[in-house]
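Structure first, commentary second.
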Amino acid sequence: MNLKLVDECEKNKIKQIFELKETILEYLAGKNINLFETIKELGIDLHLNDKFPSKFSQKVYSSLLSVKYGELTNYSEIGEKIGSKANRAIGNILRGNPLPLIIPCHRVIKKNGEIGGFMGISEKSWQQTLKKKLIEIEHST
DNA sequence: CTACGCTCAGATA
DNA sequence: TATCTGAGCGTAG
């Protein structure tokens with residue numbers, strides 16, 4: 001193993017992370033940024049196939065990635081796109097979202113306009129407040 | 001096989 | 001409006 005090569009590799013990773021951090025900060029400041037695309041451009045491998053092993057979960061997240069900045073959708077709408085009525089099952093996939101913000105599950109609310117859950121919690125919670133906040137940020141520009 | 005859930009539409013008061 | 005069904009179905013154990 002060439003130590004110098006490993007070192008270069010680590011340096012590169014660190015650089016990527018710092019660039020990502022800057023991008024996320026800009027996003028949180030209200031700039032219209034597609035975080036997922038940015039990450040691809042930075043060359044960061046998200047290992048999505050490992051994180052979403054089943055066919056169903058892959059459909060859910062790929063459908064979610066087509067929801068653009070500032071848009072809102074709901075669980076049953078995603079179900080229609082992927083040809084399933086399993087709204088709760090979709091929620092179950094989203095609750096295990098390993099990449100919040102990047103995979104924009106905060107853009108998915110309930111059909112009746114309620115906020116829905118976030119990060120695995122559906123009751124009145126700081127998670128829901130955060131979800132609302134993220135939606136507000138995207139609609140403020 | 002069972003139990004559970006970031007849901008939904010319908011019923012009831 | 002608020003609260004309670006049952007249906008629906010992929011996933012984890």
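Convention: sequence-line order gives letters A, B, ...; per-chain numbering from 1.
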First and last nucleotide of DNA chain C in contact with chain A, 5' to 3', at under 4.0 Å to a heavy atom: what are they? C:dA7 to C:dT11
DNA chain B: A:Lys111 or A:Lys131, which has the more 5' nearest nucleotide? A:Lys131
Could you check whether A:Ile93 gets within reach of a base, just the sugar-phosphate, or nothing at all, counting any heavy atom under 4.0 Å? sugar-phosphate
By ring pair (Phe, Tyr, Trp, His ring centres under 6.0 Å), which residues pair with A:Phe56, not counting sequence neighbours? none
How is A:Ser84 classified with respect to the nucleic acid when contacts are heavy atoms under 4.0 Å: base, sugar-phosphate, or nothing? nothing
May I ask you to verify if any side-chain N or O of A:Ser76 is less than 4.0 angstrom from the OP1 or OP2 atom of B:dT7? no
When rounded to whole Å, the CG to P distance for the pair A:Asn87 and B:dG10 reads 13 Å
Any chance you could encode DNA chain B as dot-bracket? Rule is Watson-Crick or G-U wobble with both distances under 3.5 Å; [ ] for pairs crossing earlier ones, | for another strand. |||||.|||||||
Looking at every heavy atom in both A:Cys105 and A:Phe118, which two are closest together, and how far apart are they? SG-CE1, 3.7 Å
Could you tell me the separation between the CD1 atom of A:Ile39 and the CG atom of A:Leu101, rounded to the nearest 0.5 Å? 9.5 Å
Side-chain N or O of A:Lys85 closer than 4.0 Å to phosphate OP1/OP2 of B:dC8: no
Atom CZ of A:Phe118 to atom C1' of B:dG5: distance rounded to whole Å? 17 Å
Between A:Met119 (CE) and B:dG5 (P), how many Å, whole number? 18 Å
Rounded distance in Å - CG (A:Leu72) to C1' (B:dT7): 17 Å
Once you round it to whole Å, what is the distance between C1' of B:dC8 and CD of A:Glu77? 14 Å
